[in-house]
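Quick note: residue numbers are just sequence positions, from 1. Counting starts at 1 for both ligands and their atoms, in listed order. Because only heavy atoms are used, hydrogens play no part in the values below, and waters and symmetry mates are left out as well, while side chains stay in.
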Amino acid sequence: MSFPKGFLWGGATAANQCEGGYLDGGRGLATVDVVPAGKDRLPVALGMKKMLECDSEHYYPSHEAIDMYHNFKNDIRLFAEMGFKCYRLSISWSRIFPNGDESNPNEEGLKFYDELFDECIKYGIEPLVTICHFDVPIHLVKTIGSWKSRKMIEHFTKYCETVFTRYKNKVKYWLTFNEINMLLHLPFMGAGILFEDGENKEEIKYQAAHHELVASAMATKIGHEINPEFKIGCMLAGGNTYPNTCNPKDVWRSMELDRENYFFIDIQSRGEYPTYAKKMMERQGINIKMEDEDDELLKNNTVDFISFSYYSSRLISADPAVNNLTEGNAFATLKNPYLEASEWGWQIDPLGLRITLNSLYDRYQKPLFIVENGLGAVDNVEEDGIINDDYRIQYLREHIKAMKDAITEDGVELLGYTPWGCIDLVSASTGEMKKRYGFIYVDKDNDGKGTLARSKKKSFNWYKKVIETNGEDI
Ligand code: BG6
């Protein structure tokens, strides 16, 4: 058998991209709710344009999303029909603490996830919960500047303690922050950070990162105390960076870019600031405020497993004249002439997944979990309602083969695979619905029109068979 017994096949979503019901059940406004679709999306996500309220000029795709808030039973039934062993979802922080700093949680929010987890458990689906997937209660941005402030550690860990305690018998697998390295690339979307003129952006980002890293370690400590059986992981926006040529200068740049991302996981997994990061901060005059107890906390509360998203590899050159760019997950990269790309310019590199799996396993020697992977594509609904998404099947098949090689040929320990957007949902980068990842189609367009009806794509039955045969028949 290539895939181990008990391998966690499933799919992944995030609250802000699928739930909707943004003010239902006592939920408070969150950062993700003020990120509009359209031309202002990127400046807002980057923290360059301040928009902390919604207005009538913009369309906010998270407000309704695919309305999973009211449809989760039906959606989870479809996941079960595909044979999911695992479902990765995120809890919306502002459903539990609408403002983020209340003394007591919102019972209605807690009840919602109780019901959702019960539904998963009914079908034998293991929930894998991201505690923070690109959302911060907006009140915390307005009052303390979100993760710029050390106070956030207290608010976040209280939120963690609340959900750990409440769901300790329903959830075993947890991730503290989704794509924690996104803080560097999309500071507002990733961490609720806004910049004022004249601020030292790099210093702010690394200070915020320190707060998240301490919060993550503290959450890991609390979680393990509440239930020693918990498996608590970190989450990286993964994908190795290749050098454009064998010129050592290109190789050096690729190492630097990879380290920028590894930085977070090095701390979460090895428990201390890597020397290269300390030196980089020294060189760049980045001064981080740390408390005496931080070192010990980081050291003693490392993660149980490493999870990551993988859409593509990256490519970099030391020569600024080489600037033939294409889009990628959150930031652009050089075009790799050996790779095809999706309609959104994200390059397709299944072998890159095997490379990433090996790099992470070599570096950390901890079990890995691929919690996002997939092809964002335009789907065409044919006259009879059929959606022949062979391109998606092809993409996933090749990536599953690469996983299989990493397991059987390289000995990588892999816990599971939850492809992204198992049901169509709102795109994080563009706010579109047209960029679809799902096995399940949702009738809704970029302007928010549609019946929200669900239908099975061709990939639905294909993935069902993959799971049924534990990855043998792909
Ligand atoms: C990851 C995020 O960056 O990639 C998801 O964790 C996101 O939230 C996914 O949706 C795919 O990106 P996009 O921009 O195509 O939605």
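- Near ligand 1, residues Gln17, His133, Phe134, Asn178, Glu179, Tyr311, Asn329, Trp346, Glu372, Trp420, Ser427, Ala428, Ser429, Lys435, Tyr437 each place a heavy atom inside the 4.0 Å sphere around the ligand atoms.
- For Phe263 and Tyr206, the ring centers are positioned less than 6.0 Å apart.
- Salt bridge Glu256/Arg259: absent, no basic N to carboxylate O contact under 4.0 Å.
- Side-chain atoms of Asn336 come within 3.5 Å of backbone atoms of Tyr338 as a donor-acceptor pair (strictly under, hydrogens ignored).
- Donor-acceptor pairing under 3.5 Å is lacking for the side chains of Asp349 and Tyr311.
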Cut-off 3.5 Å, no hydrogens considered: what does the side-chain donor-acceptor table look like for residues 6-16, sequence neighbours left out?
from: Trp9; atom 1: NE1; to: Asn470; atom 2: OD1; distance (Å): 2.8
from: Thr13; atom 1: OG1; to: Tyr87; atom 2: OH; distance (Å): 2.7
from: Asn16; atom 1: ND2; to: His133; atom 2: O; distance (Å): 3.3

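- A donor-acceptor pair is defined here as one N or O able to donate and one able to accept, closer than 3.5 Å; such a pair exists between the side chain of Arg454 and the backbone of Leu452.
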